[in-house]
Amino acid sequence: IAGFFAIVFAFGNGIIIVFKLFFTGKVIERLGVKRSLLSLPLFLILLSVMMIVVRNIFPGDYILMWFFTVMIVFSEVFKAVLYQPLFLALFQPLPAETRHKAHDIISGIIDPLGLGISGLTLYIGIHIYQHVDLYKINYVLIVLLIAWVALIFYAVRKYIDALKTAINKRMIDSGQLNLGDEDSLRVLKSRLKSPRPDEVIYASEILSKSHRPVFESAIPDLLFHEVPEVRLYTLNVMSALKIKTEADILYNIIVSDNSHDVCEAAVKLYCILYEDIVNKIAPFLDTHDQKLRAAAIKGFLKSGDLEPM
């Protein structure tokens with residue numbers, strides 16, 4: 001028996017190492033929060049139903065032992081590969097003190113308590129019935145798994161509410177939110193359309209660091225936001241990250257934006273990103289707007305093209 005379990009757990013830990021190294025981030029990003037959380041209970045429900053079908057075809061407890069072995073191994077794999085990193089991410093909307101306390105409660109109290117209750121329940125059942133009925137245990141397991149699925153749907157709704165609160169209160173580290181979950185991203189995307197510049201800038205900061213493609217797709221709308229602070233912030237982020245947009249959009253901002261600071265930032269960015277600055281930017285060297293003329297000079301200096309000057 002010892003040799004059997006040694007082989008089983010060695011196999012399981014080998015899978016954990018491989019998946020943690022190469023697949024954890026990609027799987028969570030592809031599945032998102034809800035489907036990642038649902039993956040384990042749904043997999044176990046599938047095995048439990050298969051166990052009932054196989055039990056009717058092949059009587060005896062031997063085959064059931066193999067099913068329970070597979071359950072144990074893959075439960076550990078799912079927990080290590082998906083649940084542990086996902087739980088750390090789900091704690092992000094919580095305040096730092098609450099986040100640490102929740103992690104300590106789960107690892108120090110909930111996990112040992114659950115294991116203890118499971119062991120005590122099995123001990124009482126064996127003491128009462130004088131044997132282990134894996135078939136009945138499987139039915140109990142199905143009921144618990146269904147309850148688990150229901151709790152996941154409830155928890156995901158609460159997570160979205162907590163995420164909204166955390167964004168409103170600026171509680172999330174802008175570089176830590178690293179989930180591909182569409183519901184989470186939808187909350188951040190909705191903040192990009194807010195009339196409040198602080199909300200738009202905060203959501204932009206998070207997305208530019210954790211979900212850059214999403215931020216880049218929102219740039220055209222951000223560059224024409226009604227509040228100048230948002231337009232200026234977007235141009236500065238584009239400059240820092242060397243993000244390109246259509247040259248015509250940037251040029252239209254230079255010639256038509258009503259904010260001198262935004263025009264100045266647009267000129268500097270145009271000189272960094274594009275090569276046709278002689279034709280487009282050189283005319284601003286003769287403008288009466290001192291800020292715009294200074295921005296054009298700085299842009300040419302940064303680009304290294306000093307001929308127009």
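Along the sequence shown, residues carry numbers from 1. This structure is a prediction, so every number in the text was calculated from the model and none was measured.
When all heavy atoms of His225 and Ser194 are compared, the closest pair comes out as NE2-O, 3.1 Å. Closest of all the heavy-atom pairs between Pro228 and Val262 is O-CG2, 3.7 Å. Residues Leu241 and Arg212 share a closest heavy-atom pair of O-NH2, 3.1 Å. Of all heavy-atom pairs spanning Leu44 and Met71, the tightest one is O-CE, 3.7 Å. When all heavy atoms of Ala247 and Tyr270 are compared, the closest pair comes out as O-CE1, 3.6 Å. The two residues Arg191 and Glu199 make their nearest non-hydrogen contact at CD-OE1, 3.5 Å.
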Full working for side chain to side chain contact (heavy atoms under 4.5 Å, CB included) between Lys209 and Glu205: CA-CA 6 Å; Lys209 293 181 179 180; Glu205 182 183 1; 3.6 Å; yes

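Put simply, the side chain of Ile45 reaches to within 4.5 Å of the side chain of Val149, judged on heavy atoms. By the 4.5 Å heavy-atom criterion applied to side chains, Ile219 and Val237 are not counted as neighbours. Between Ile249 and Leu223, some side-chain heavy-atom pair lies under the 4.5 Å cut-off. Looking at heavy atoms from C-beta onward, Val200 lies out of side-chain contact with Tyr233 at the 4.5 angstrom threshold.
Side-chain heavy atoms closer than 4.5 Å link hydrophobic residues (I, L, V, M, F, W, Y) into clusters, and following such links, even through other members, never connects Val53 to Val143.
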